[in-house]
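Here is the structure we will look at, set down as structure tokens.
As a basis for the values below, the full set of heavy atoms in this structure was taken, side chains included, without hydrogen atoms, waters or symmetry mates. From a predicted model like this one, the values you see are computed outputs, not experimental measurements.
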Amino acid sequence: MISDFSQLQNNCNDCKDKSCAAAILHPAELEIVSKNSRETDFKKGDILVQAGSMTSNIIYLKSGLVKEYIKSATDKEQILQIVKKYTYLGLPSQFGDRVNHYSYAALTDVKVCYIDVNVFNKLIRENGNFAYEILVSVSRDSLYNFHRFMNQSQKKVYGRVADAILYFSRIIFDQESFELPFTRQEFADLIGVSRESSTRVLLKFVAEGLLSIQGRLITIEKMEMLETISKNG
DNA sequence: CCATTAATTTAGT
DNA sequence: ACTAAATTAATGG
């Protein structure tokens with residue numbers, strides 16, 4: 001297997017998948033990023049980062065979906081969030097520590113860009129607008145996720161399932177009908193309940209006409225009802 | 001390369 | 001935990 005790596009020079013100026021932050025970089029800065037970054041593909045199911053590993057490169061998600069998760073000592077998985085394209089993975093770990101606190105695995109086939117951490121840090125220090133955009137995205141994430149976890153800790157299974165459905169519909173796909181990128185196990189791991197109770201509720205929602213489900217294809221039929229359940233737990 | 005079958009994973013009870 | 005169904009990997013032509 002012979003690869004010609006010289007063909008792989010990135011051209012960030014022409015990149016159509018730039019982050020909000022990267023979009024405001026000057027051409028000269030993007031030129032530096034081009035020379036210090038590389039695009040790679042991952043297949044569905046591949047692990048991009050293992051929790052506990054050293055942070056080395058900045059990873060930018062260009063396309064596809066990624067789950068951010070941790071495993072407990074007993075190998076139970078807790079999924080923290082789903083990462084959409086056009087976001088950087090694990091910035092809190094990058095800036096807050098030297099090791100990755102979470103693991104990342106591809107839910108779909110995925111394209112990422114590895115960016116040299118020194119170059120990235122230099123941009124943060126030297127370009128305030130860039131740094132500002134990064135800070136905005138990290139803060140939004142953090143606010144949103146905290147609300148999700150706070151809500152979750154107060155709600156029962158019904159509310160949590162409704163939340164997760166709304167999460168996919170509003171945040172991830174922005175549609176009322178979507179293909180779940182998850183197994184039922186992962187769906188349960190996202191909301192912190194057993195697979196059994198999660199499917200039980202899912203099927204109950206179908207029986208009551210709130211949802212229709214064919215395999216992994218989920219369609220919301222009664223949005224208001226779901227919102228009410230989400231609100232009242 | 002495609003078709004069968006074996007093995008693993010997933011979903012529901 | 002167990003079974004059925006579905007998905008994926010291995011085998012052979």
Handout entry: Residues in side chain to side chain donor-acceptor pair (under 3.5 Å) contact with A:Lys111, at least two apart in sequence or another chain
Key = A:Asp41
Exercise for the section: Could I get the full list of salt bridge (Lys or Arg N to Asp or Glu O under 4.0 Å) partners for A:Glu227, not counting sequence neighbours? Expected result: A:Arg170
Handout entry: Neighbours of DNA chain C within residues 189-201 of chain A, by heavy-atom distance under 4.0 Å
Key = A:Arg195, A:Glu196
Side-chain atoms of residues 77-85 of chain A: list all donor-acceptor pairs with protein atoms under 3.5 Å, sequence neighbours left out, distances to 0.1 Å.
from	atom 1	to	atom 2	distance (Å)
A:Glu77	OE2	A:Lys67	NZ	2.7
A:Gln81	OE1	A:Asn145	ND2	3.3
A:Lys84	NZ	A:Ile171	O	2.6

Fill in the blank from the handout: ring-ring contact (aromatic ring centres under 6.0 Å, His included) pairs touching residues 172-228 of chain A, sequence neighbours excluded, are A:Phe168-A:Phe178, A:Phe168-A:Phe182, A:Phe173-A:Phe178
Identify every side-chain donor-acceptor pair in residues 48-58 of chain A under 3.5 Å, counting partners at least two apart or on other chains, and give the distances.
from	atom 1	to	atom 2	distance (Å)
A:Ser53	OG	A:Gln50	O	2.7
A:Ser53	OG	A:Asn100	ND2	3.2
A:Thr55	OG1	A:Arg98	O	3.2

Completion exercise
Residue pairs passing the ring-ring contact (aromatic ring centres under 6.0 Å, His included) test with at least one member in residues 115-140 of chain A, sequence neighbours excluded, are A:Tyr88-A:Phe120, A:Phe120-A:Phe130
Fill in the blank from the handout: The first and last nucleotides of DNA chain B lying within contact of chain A, meaning any atom under 4.0 Å from one of its heavy atoms, run from B:dT10 to B:dT13
Problem - Side-chain hydrophobic cluster, 4.5 Å single linkage: members besides A:Ile24 - result: none
For residues 195-204 of chain A, dump all side-chain donor-acceptor pairs below 3.5 Å to protein atoms at least two apart in sequence or in another chain.
from	atom 1	to	atom 2	distance (Å)
A:Ser197	OG	A:Ser194	O	3.4
A:Ser197	OG	A:Ser194	OG	2.6
A:Thr199	OG1	A:Arg195	O	2.9
A:Thr199	OG1	A:Glu196	O	3.1
A:Lys204	NZ	A:Glu208	OE2	3.3

Problem - Whole-Å gap separating P (C:dA5) and CZ (A:Arg216) - result: 18 Å
Exercise for the section: Starting at CZ of A:Arg160, measure out to CD1 of A:Ile229 and round the result to the nearest 0.5 Å. Expected result: 15.5 Å
Problem - Stretch residues 68-81 of chain A: residues that reach within less than 4.0 Å of DNA chain C through a heavy atom - result: none
Handout entry: Residue pairs involving residues 136-158 of chain A (criterion ring-ring contact (aromatic ring centres under 6.0 Å, His included); sequence neighbours excluded)
Key = none
